[in-house]
**Q** 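Following this message is one structure expressed as structure tokens.
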Amino acid sequence: MTDCTICPRTAPDGAHACHACTRDLRAWYAELPHQLPLLRLALIPEGRPVQGGVGGRSTAPIPLNLSALNLLGPGQPVPPADPYRDTTGPIPIRALVSGWAHYIAYEHPAVSRDRHGTVQVRPCNGARATHGTTVADWCRWLTAYLPYSVTRPWIRDHHTQIADLMRRIRDLTHATPYRRRMAMPCPECGAFGLTSIGGQWGVTCEVCDTHLEPEQYTAYAQTILAAHTAAPQEQPT
Ligand SMILES: [Zn+2]
Ligand SMILES: [Zn+2]
């Protein structure tokens, strides 16, 4: 076990990210495509009539939410060098996820044999999402390569950038995954920290990071309930 480079937990051997941080990324990749329609809705600022209106203005109002527009627009996958710190705004969603996919693909060793039968190991030429190049396609690609990504030291930067992107998107769409605290205590640490989060599979203890698959939680809850209902009532002494 080694230290997670993102949080204070420990990571499995050979990984730079712990199970919890890896689950974060998997959940964000799954959530991101669902946030896009909401972000398009957020393009029109709240309370603004779609058209018309009375009264005079000397300048035309900006009809769109520029923060949402920036995230949905095209852009450079890697921020340009900014010696004067005069560029602003985040990297747009599609540029960020496709940029990471191409970076990962370039780093990922491609193994092939040449015509003499000699094994050649060289970087991939680039990433290719199987079905297309939408944000959802790139998120599927990043999910598939996650077992490789967590073994690379740049996973901390990747986690930070995707976390920042999700925070910006949720600020605009006001859509945050639903969290539900489970009734049973954690089987490992005993704390009431088991939580189910919308879009994530199973339940996770927020205290000790124990993760239970849905069927594991169901079986565990049935065991606890059975033991509880079978126990004789304690008599006051
Ligand atoms: Zn971690
Ligand atoms: Zn626990």
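Both counts, for ligands and for their atoms, begin at 1 and track the order of listing. Numbers here simply count residues along the sequence, with the first being 1.
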**Q** Leaving waters out, which protein N, O or S atoms fall under 2.8 Å from the Zn ion (ligand 2)?
**A** C186 SG, C189 SG, C205 SG, C208 SG
**Q** Can you list, pair by pair, the side-chain donor-acceptor contacts under 3.5 Å of residues 4-22, counting residues two or more places apart and other chains?
**A**
unit_1: T5; atom_1: OG1; unit_2: H16; atom_2: O; d: 2.7
unit_1: D13; atom_1: OD1; unit_2: M1; atom_2: N; d: 2.5
unit_1: T22; atom_1: OG1; unit_2: C18; atom_2: O; d: 2.7

**Q** Are N70 and S67 close enough that a side-chain donor and a side-chain acceptor fall under 3.5 Å?
**A**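 The criterion, which ignores hydrogens and geometry beyond distance, is not satisfied for S67 and N70.
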**Q** Under 4.0 Å between a Lys/Arg side-chain N and an Asp/Glu carboxylate O for D209 and R23?
**A**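 The answer is yes: the pair qualifies as a salt bridge.
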**Q** Angle class for the H158/Y29 ring planes (parallel below 30°, perpendicular above 60°, tilted otherwise)?
**A** tilted
**Q** Sorted by first residue and then second, give each side-chain hydrogen bond (donor to acceptor under 3.5 Å, both in side chains) pair with at least one member in residues 181-198; sequence neighbours left out.
**A**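 Applying side-chain hydrogen bond (donor to acceptor under 3.5 Å, both in side chains) to every pair that reaches into residues 181-198, excluding sequence neighbours, yields R181-T195, R181-E206.
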**Q** Between the Zn ion (ligand 1) and C7, is there an N, O or S atom separated by less than 2.8 Å?
**A** yes
**Q** Can you tell me how the ring of W154 sits relative to the ring of Y103, calling it parallel under 30°, perpendicular over 60° and tilted otherwise?
**A**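 Ring orientation, 0 to 90° scale: perpendicular.
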**Q** With T160, which residues qualify under side-chain hydrogen bond (donor to acceptor under 3.5 Å, both in side chains), at least two apart?
**A** none
**Q** If you stand at the Zn ion (ligand 1) and look out to SG of C18 and SG of C21, what angle do those two lines make, to 10°?
**A** 110°
